[in-house]
Novice: 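Would you mind keeping the following structure in view while I ask a few things?
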2 protein chains.
Amino acid sequence: MSLRHAVLGLLAEGPASGYDLMKLFDVSLANTWPATQSQLYSELGKLAEAGLVAVAAEGPRGRKEYAITDAGRAELRRWITDVEPTRVTRSDMLLRVFFLAQVSPEEARGYLRNQAGLAAERVERLEGIRPFVEDGDDNLSRYGRIALEYGLRLGKAQQEWAEWAESQIK
Amino acid sequence: MSLRHAVLGLLAEGPASGYDLMKLFDVSLANTWPATQSQLYSELGKLAEAGLVAVAAEGPRGRKEYAITDAGRAELRRWITDVEPTRVTRSDMLLRVFFLAQVSPEEARGYLRNQAGLAAERVERLEGIRPFVEDGDDNLSRYGRIALEYGLRLGKAQQEWAEWAESQIK
DNA sequence: AACTACATGTAAGAAGTTACATGATTTT
DNA sequence: AAAATCATGTAACTTCTTACATGTAGTT
């Protein structure tokens, strides 16, 4: 049920069309909660039906601009403060680690070395988007910076772990 | 498609019934790739149909003991070495951070403080399972320790981040 | 006139969750 | 005899992915 709240959260900053939201997703939530276009449009339809958003304006090319309603705002706040975040996040990267005995030690080390590299790349990529949120004083930029820091810290921890793990395989 | 490989990975250590696998999941992969009973049984059916596992023995109460086949072992190795782990892992915990401007600063800080506490608890819980894998020299224990270290490191990083984040909200 | 950007939708399928449903052995 | 454990399955529903399908308005 989180896509629904992701959409509500973006609409809380101002009205937008499905098309606008898609672009917004790509520059803000892409690393946290990716969404596809088809998912977005159907979610907007359901949100409208539930009265959490409403079509505020119609434009050219069938454009429908959605705005969050009071009920939508209330639901968003309820979700933030009263709903416990999901416990486990699945990781197929880590799942493979359990089964590394099934490949040769060289391959196992290679796997971990590769993961260390990918984590490093991810960290670099995130560093690369920092300039774009650095001096925004809108809500999404402000909290986006905090989310970015999360990605940076966790990415580094993951890289260090992978390097350590590689050294553990005799 | 990862549940399939999780099952193959466990069966690579030895034959087991769906019931056995369920218990194995709970003590080994639960934090990395949880699975429900219904999911497991239907996956075993599909794996058998695909020839990646086979019923090796039948026991009382309709017990069916499955064993991995050569094709299953090959598929497992292929998945480990040739398939790129999924890039993004969704986090509804982090998603909420983007929208923290929608609640009061006190509530926002409370949210982050709570997350710091939950991360700390998770780390403690993981420390608690360490004794159980500490001196196993089977594959699952050996690599389980490396996976455990991942959980510990990432959990601590998450806790520290949440504490830092709380301090950032004026 | 052609191209790019804007804009919305449908359909099929895979993966995961929750709940229901049933029954046989073994242990106390 | 009762309770706990073993053991397997089905059904309904939600979420997510991938691919298909269509058309309009603005720019060069």
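Below, chain A is the first sequence line, B the second, and so on; all start at residue 1.
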Novice: Can you work out whether A:R61 or A:E43 has the more 5'-proximal nearest nucleotide on DNA chain D?
Specialist: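 That would be A:E43.
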Novice: B:K23 NZ to D:dA4 P: how many Å, rounded?
Specialist: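 In whole Å, D:dA4 P lies 17 Å from B:K23 NZ.
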Novice: Looking only at the side chains, is there a donor atom on one of A:E43 and A:Q39 sitting less than 3.5 Å from an acceptor on the other?
Specialist: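 Absent: no donor and acceptor within the cut-off.
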Novice: Name the closest nucleotide to the A:M1 side chain, picking from C:dG9, D:dT14, C:dG23.
Specialist: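 So the side chain of A:M1 is nearest to D:dT14.
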Novice: Separation of B:E58 atom CD from D:dC6 atom C1', in whole Å?
Specialist: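 Taking CD of B:E58 and C1' of D:dC6, I get 16 Å after rounding.
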Novice: Could you check how far CZ of A:R4 sits from P of D:dC13, rounded to whole Å?
Specialist: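 Rounding to the nearest Å, CZ of A:R4 and P of D:dC13 are 17 Å apart.
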Novice: Is there a donor-acceptor pair closer than 3.5 Å between any side-chain N or O of A:E166 and the backbone N or O of A:E163?
Specialist: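 No, A:E166 side chain to A:E163 backbone: no donor-acceptor pair under 3.5 Å.
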Novice: When you compare the side chains of A:E13 and B:Q102, does any donor N or O come within less than 3.5 Å of an acceptor on the partner?
Specialist: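 Yes, B:Q102 and A:E13 have a side-chain donor paired with an acceptor closer than 3.5 Å.
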Novice: Tell me the interatomic distance from A:L40, atom CG, to C:dT8, atom P, rounded to whole angstroms.
Specialist: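 The answer, rounded to whole Å, is 10 Å.
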Novice: Tell me whether the OP1 or OP2 atom of D:dT15 has a side-chain N or O from A:R90 closer than 4.0 Å.
Specialist: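 For A:R90, the contact criterion (side-chain N or O under 4.0 Å from OP1 or OP2 of D:dT15) is not met.
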Novice: At a cut-off of 3.5 Å, list every protein nitrogen or oxygen paired with a nitrogen or oxygen from nucleotides 10-13 of chain C, distance to 0.1 Å.
Specialist:
none

Novice: Could you work out which one of D:dT8, C:dT8, C:dA14 sits closest to the side chain of A:K64?
Specialist: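 The answer is C:dT8, which lies nearest to the side chain.
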Novice: Students often mix this up, so state it plainly: with edges at 30° and 60°, are the rings of B:Y150 and A:W161 parallel, tilted or perpendicular?
Specialist: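 Judged by the thresholds at 30° and 60°, the geometry between B:Y150 and A:W161 is perpendicular.
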Novice: Write down the distance between NZ (B:K46) and C1' (C:dA15), rounded to a whole number of angstrom.
Specialist: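 So the NZ-C1' distance, B:K46 to C:dA15, works out to 8 Å.
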Novice: Where the side chain of B:T36 is defined as all heavy atoms beyond and including C-beta, which of C:dA14, C:dT18, C:dT8 is the nearest nucleotide?
Specialist: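 When the side chain of B:T36 is considered, C:dT18 is the closest of C:dA14, C:dT18, C:dT8.
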Novice: Would you say the side-chain atoms of B:Y41 pair up with the backbone N or O of B:Y19, donor to acceptor, closer than 3.5 Å?
Specialist: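 Present.
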Novice: Tell me whether the OP1 or OP2 atom of D:dA7 has a side-chain N or O from B:R63 closer than 4.0 Å.
Specialist: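 Affirmative; the distance criterion is met.
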Novice: Can you tell me how far the CG atom of A:D92 sits from the CZ atom of B:R87, to the nearest 0.5 Å?
Specialist: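 Answer rounded to 0.5 Å: 8.5 Å.
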Novice: Distance check needed: D:dT14 P versus B:D92 CG, whole Å only.
Specialist: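 Rounded to the whole Å, the gap is 19 Å.
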Novice: Whole Å only: how far is the CE atom of B:M22 from the P atom of C:dG16?
Specialist: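 Going from B:M22 (CE) to C:dG16 (P), I get 13 Å.
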Novice: Is the Lys NZ or Arg CZ of B:R153 less than 6.0 Å from the centre of A:W164's six-membered ring, within 45° of the axis?
Specialist: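 Yes - B:R153 lies over the ring of A:W164, closer than 6.0 Å to its centre and within 45° of its axis.
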Novice: To the nearest Å, how far apart are A:F25 CZ and D:dT17 C1'?
Specialist: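 In whole Å, D:dT17 C1' and A:F25 CZ are 15 Å from each other.
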